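Here is the structure we will look at, set down as structure tokens.
It should be emphasised that the depicted structure is a prediction, and the values quoted were computed from it without experimental measurement. Chain letters run A, B, ... following the sequence lines, proteins first, then strands; residues in each count from 1.
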Number of protein chains: 2
Amino acid sequence: MTATIKDVARVAQVSIKTVSRVINNEPHVTEDMRTRVQDAIDQLGYAPNISARRLVQQRSYMLCILLHTSGFYQSALINKVLEVGYEYDYDILIQTYFPSQTRSKNKLSGLINERRIDGLITTPPCDTDELVLELVKKSRIPLVQISPYSPSPEVPSIAGDDRQGAFQMTNHLIELGHRAIAFLKGPRNHRTSQERLAGFHDALNLAQMVIDPQLELDSEFNFEGGYTAAKIAMSTQKPPTAIFGGNDEAAFGAIYALQEMGYSVPQQVSVCGFDDVLNSKNVWPGLTTVHHPVDEIADRALSMLVALLKGEAWDHEEKVIPSRLVIRGSTAQAIQPGQ
Amino acid sequence: MTATIKDVARVAQVSIKTVSRVINNEPHVTEDMRTRVQDAIDQLGYAPNISARRLVQQRSYMLCILLHTSGFYQSALINKVLEVGYEYDYDILIQTYFPSQTRSKNKLSGLINERRIDGLITTPPCDTDELVLELVKKSRIPLVQISPYSPSPEVPSIAGDDRQGAFQMTNHLIELGHRAIAFLKGPRNHRTSQERLAGFHDALNLAQMVIDPQLELDSEFNFEGGYTAAKIAMSTQKPPTAIFGGNDEAAFGAIYALQEMGYSVPQQVSVCGFDDVLNSKNVWPGLTTVHHPVDEIADRALSMLVALLKGEAWDHEEKVIPSRLVIRGSTAQAIQPGQ
DNA sequence: TTGTATGCGTTATCAG
DNA sequence: CTGATAACGCATACAA
């Protein structure tokens, strides 16, 4: 039988309330009492039963972060969450959510309705899912959104600056002399897709280059999407001299497709991505990309949620963290016509 | 105010016990009663308070999987765990554990001592950590080990067949004509390191090749380890014609080092890895590797733990799942001397 | 087949 | 500064 608060109280010859005070570092306890209780705790190897605490306090001390797909970006996010997770008094539940699967929906409903979690963090595209929104609304648990599709002043959110990042990257390509740049678009229900495309346009406009719809290919934020789109792009009349992947994984797909077709990267075709996932620097010659501040996003999302749970106020402004250009070996001077 | 079991009982005009029976699908309830209760539940939007249930049942309905590092292999494991996680009635807590950090130790102690988890899964090298072992022993919670350092008949464990996989891979290299094969060793406290080295030796012995300690380099299961070791290997008098990375990440490090030194892979030097992580097939020309059955391992570890929690018996034999050779583009015929 | 009463281990109120 | 006692919401002997 494991020791309870009553056992401690008995051994220390005090009331359970006093023990409770010591456990929770409450004031109004003499030093004498405190040590007496502490000795009893040590002697009995007592640890509070968290379920009882949760019941009486009406909270679970659990947070949940909702993920849809499982790519490198998500893994990076998970790693950071795990890393900073034990800084908080909450356990962090990482949960995948697939709207198409009934089991997945039931799991999430249970999680929220049975009050197993105190707060929720969504990642794209979970913030656009109706069930998620409905459950959060009904249960009134605090929500923090990461890169939401449509940021609302009513919901705290945090995102990287995708538009500015794509703008910088496109400028980089233009400076290298590229005039035919293919852009691999991401999924429609991600705001990042739109923002990155917008940044791409910003740079083209600034350089007074024409926006050629033919060079904007439908893709996905994964290897297969980039692979397929790159093959299509290179099969046109006037193939691009550079390919801007919607994210790193799509860029890797593009690189693979190019190598398979016999093009050398970056000598013949430059490729760049977006996100700066872990392996971007580990794959020769290194992927030129935009560093997406996933670490800071994870960190701040978590601390915002915890602050919200403490009842702290927030300023109703979306936090946007700057992105940063990372130039590696996959981009180079464009081949000049006739060269 | 959210509805409780009492509210349901009042609305349905029955006792709370009857409601309880309906919730938990217990027998001895007439169909009439059951529908009446169900109607009340629906009407009130009632969901049981999990904390109360946990308190009275003395269990948390939470499992924990303990991870040390955060590489691609771990990410693959996490992804699989998340994928199959909602098949069970347990929430799955993914927790990193760094023995050197006090906060990390406290987190784990709390998790176990406060009975926040019902069962634990360890991954290397957490199974060798004293605190982990001690906490598990004291609390008597069920434990399942993944690829433990020293499998014990008292603790259920599951692993991939590293020795056989390394044996097959080495044979593959030998068949390609390689006679000077460098092997990048993994960390000492992983059994996988030893097993893979043993399989390497098995194949050398079978081919009656000498075991050259110079060709067995200390490395780590990560990019930097492989990178550094490969640079050292290629700087010797008689550089190897093939490099067998201890795992895929080390192999990627080796490939990067080789490219940086001007060697082409696989034309001049063959490289292979172990694990078959996600990006192994996505990096041109594809990494030849051994497929480590991480999906099956995660799946079975979880189901074993749940079975244990149900009080089911197990046969006290370590489960070893075969590995499988995956030949891609990073290995090729050895360059013959004088060629 | 259904209901009553008790306890799980904590926190919190309020009186001493 | 300290302590008795009442919740918290559910499950479960045991009784009807």
Side-chain angles (χ1 to χ4, degrees), chain A residues 1-38 40-41 44-62 89 110 112-118 139 309-310, chain B residues 1-38 40-41 44-62 89 110 112-118 139:
Chain A
M1 221 46 242
T2 56
T4 75
I5 198 171
K6 282 183 192 165
D7 300 321
V8 177
R10 190 166 29 74
V11 170
Q13 307 266 42
V14 298
S15 77
I16 58 172
K17 178 62 202 172
T18 304
V19 179
S20 179
R21 286 198 180 92
V22 173
I23 297 166
N24 298 302
N25 277 314
E26 285 171 39
H28 308 305
V29 183
T30 56
E31 208 46 51
D32 181 41
M33 276 281 180
R34 208 175 278 278
T35 52
R36 214 164 82 199
V37 170
Q38 191 57 54
I41 288 175
L44 293 168
Y46 166 79
N49 180 315
I50 219 72
S51 295
R53 175 179 292 172
R54 285 170 173 169
L55 173 61
V56 73
Q57 296 199 148
Q58 303 281 44
R59 17 206 226 122
S60 65
Y61 288 99
M62 286 242 293
D89 290 331
I112 296 181
N113 288 332
E114 295 169 8
R115 275 138 290 167
R116 300 217 297 266
I117 57 173
D118 289 343
S139 67
L309 253 10
K310 277 192 198 157
Chain B
M1 219 47 243
T2 55
T4 75
I5 198 171
K6 281 185 192 164
D7 299 322
V8 177
R10 188 167 30 73
V11 170
Q13 307 266 43
V14 297
S15 76
I16 59 171
K17 175 63 203 173
T18 304
V19 178
S20 178
R21 287 198 180 92
V22 172
I23 297 166
N24 299 302
N25 277 313
E26 285 172 41
H28 308 305
V29 183
T30 57
E31 209 45 51
D32 181 42
M33 277 282 178
R34 206 175 281 279
T35 53
R36 213 163 83 199
V37 170
Q38 191 57 54
I41 288 175
L44 294 168
Y46 166 78
N49 180 316
I50 219 71
S51 295
R53 176 177 289 174
R54 284 170 173 169
L55 173 61
V56 72
Q57 295 199 144
Q58 303 280 45
R59 5 204 236 126
S60 65
Y61 288 100
M62 285 242 292
D89 290 331
I112 296 182
N113 288 333
E114 295 169 7
R115 276 138 291 167
R116 300 216 297 265
I117 57 173
D118 291 342
S139 67

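What separates CD1 of A:I5 from P of C:dG7 is a distance of 18 Å, to the nearest Å. Between A:I50 atom CD1 and C:dC8 atom C1' the separation is 15 Å, expressed in whole Å. The interatomic distance linking B:Q57 (CD) with D:dG9 (C1') rounds to 12 Å, in whole Å. Protein atom NZ of B:K6 is 13 Å distant from nucleotide atom P of D:dA11, rounded to whole Å. Nucleotide C:dG9 holds its P atom 17 Å from the CZ atom of B:R116, rounded to whole Å. Distance A:R10 CZ to C:dG9 P: 13 Å, rounded to the nearest Å.
A heavy atom lying under 4.0 Å from DNA chain D marks none of the residues of residues 25-38 of chain B. A heavy-atom distance below 4.0 Å to DNA chain D is reached by these residues of residues 15-24 of chain B, ordered by number: B:I16, B:K17, B:S20, B:N24.
Note on A:Y46: a side-chain N or O is less than 4.0 Å away from OP1 or OP2 of C:dT10.
Side-chain N or O atoms of B:R36 include one that pairs as donor or acceptor with a backbone N or O of B:Q13 at under 3.5 Å.
For the pair B:K17 and B:E26, the salt-bridge criterion is met [side-chain N within less than 4.0 Å of a carboxylate O].
For B:D118, there are no salt bridge (charged side-chain N to carboxylate O under 4.0 Å, His left out) partners, not counting sequence neighbours.
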